[in-house]
Amino acid sequence: MSIENAIFKRKSSVNFSNENITDSEIKQIIEASKWAPSSRNNQPWRIIAVNNKSKKFSNLIEALSEENQDWTKNSGLILVFCTNEFESEFNPKKFLEIGFAGQNAMLMSTELGLETHPIWAGDEEKVKELLLIPNNSKVACLLVIGKKGDEKKLSKDLLSRNNKNRSRNSIEKDFNYDNWGDKF
Ligand SMILES: Cc1cc2nc3c(=O)[nH]c(=O)nc-3n(C[C@H](O)[C@H](O)[C@H](O)COP(=O)(O)O)c2cc1C
């Protein structure tokens, strides 16, 4: 798959089968994350992989919002992207760098034929307690990954969410040349 295909094929899916993600797939996804850029190559991420064979999987699902539980419970793997421990003050730029690592993980997963969905609605404290994440680390986002499920098994609501029209603002709205407001 070309990078262009991976970018445009990726979507936030709610259609997962609960097949396991292999160790080799997990390694390829993490390797892609690892090569994200970061300021002074500080690599501020800590990524915790919880696959659906882990004893922690069901507790992790319970720490998410009810709306997210509905479909994440069918996934194969959840990657929890956290910051590495920070000494005194949290620098929000770490989240930006972790975002790059997350995007790499989504594109590599798409390349591997997997479905993905980044999420955050959930209880950070519960997630931290469950995964033994230290106090001076923050959870940036969770990435739900899995093999594609059978659409026929989806509830009406999930089916329509999965097939909804995806959209973006026009280039004219959000992009400028030279100055804020100058037409692209
Ligand atoms: C940081 C972050 C948090 C998100 N949290 C949730 C979430 O809690 N639940 C959910 O269903 N989708 C969540 N999403 C997915 C977005 O709704 C989705 O990316 C957006 O609607 C664009 O759709 P697309 O990913 O298919 O292009 C999140 C996305 C990001 C980047």
Report yes if the side chains of [X] and [Y] come closer than 4.5 Å at any heavy-atom pair, otherwise no.
X    : Y    : value
S33  : F81  : yes
F16  : T72  : no
R168 : K173 : no
K11  : T116 : no
C82  : W45  : no
I61  : I78  : yes

Verify the distance criterion only: is there a donor paired with an acceptor across the side chains of [X] and [Y] at less than 3.5 Å?
X   : Y    : result
E19 : S17  : yes
N18 : N74  : no
S13 : E115 : yes
S65 : N68  : yes

_Pairs flagged by ring pair (Phe, Tyr, Trp, His ring centres under 6.0 Å) wherever residues 151-179 is involved - sequence neighbours left out_ =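 For residues 151-179, and leaving out neighbouring residues, the ring pair (Phe, Tyr, Trp, His ring centres under 6.0 Å) pairs sorted by first residue read Y177-F184.
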Backbone of [Y] reached by a side-chain donor or acceptor of [X] within 3.5 Å:
X    : Y    : value
N176 : D182 : yes
D150 : K152 : yes
N104 : A32  : yes
S137 : I133 : no

Got more than 12 heavy atoms from elsewhere within 6.0 Å of [atom1], [X]?
X    : atom1 : answer
E129 : CD    : no
W35  : CH2   : no
E85  : CD    : yes
R46  : CZ    : no

*Before giving the answer on side chain to side chain donor-acceptor pair (under 3.5 Å), spell out for N41 and Q43 the whole-Å C-alpha distance, their side-chain angles and the decisive distance to 0.1 Å.*
CA-CA 5 Å; N41 201 20; Q43 303 168 66; 3.2 Å; yes
_Residues K73, E62; criterion salt bridge (charged side-chain N to carboxylate O under 4.0 Å, His left out); working and verdict_ = CA-CA 9 Å; K73 62 177 192 272; E62 279 165 22; over 6 Å; no
*asked:* What verdict does the side chain to side chain contact (heavy atoms under 4.5 Å, CB included) test give for T83 and V139, after you've listed the backbone C-alpha separation in whole Å, the side-chain angles of each residue and the deciding distance to 0.1 Å?
replied: CA-CA 6 Å; T83 65; V139 179; over 6 Å; no
*Hphob cluster co-occupancy, I47 + M106, side-chain heavy atoms under 4.5 angstrom*: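 They do share one cluster, since a chain of ILVMFWY contacts under 4.5 Å joins I47 to M106.
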Nearest 0.5 Å, please: how far is [atom2] in [Y] from [atom1] in [X]?
X    : Y    : atom1 : atom2 : value
I3   : F8   : CD1   : CZ    : 10.0 Å
L60  : L131 : CG    : CG    : 5.5 Å
S155 : D70  : OG    : CG    : 6.0 Å

_Partner of V127 under side chain to side chain contact (heavy atoms under 4.5 Å, CB included), chosen from V80, N59, I48, V50_ =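 One option only clears the test, and that one is V80.
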*Any salt bridge (Lys or Arg N to Asp or Glu O under 4.0 Å) involving residues 21-40? Give me the pairs, sequence neighbours left out, ordered by first then second residue.*
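Those involving residues 21-40 are E25-K147, E31-K34.
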*asked:* Using the ring-ring contact (aromatic ring centres under 6.0 Å, His included) criterion, which residues pair with F95? Sequence neighbours excluded.
replied: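 Here the qualifying residues are F90.
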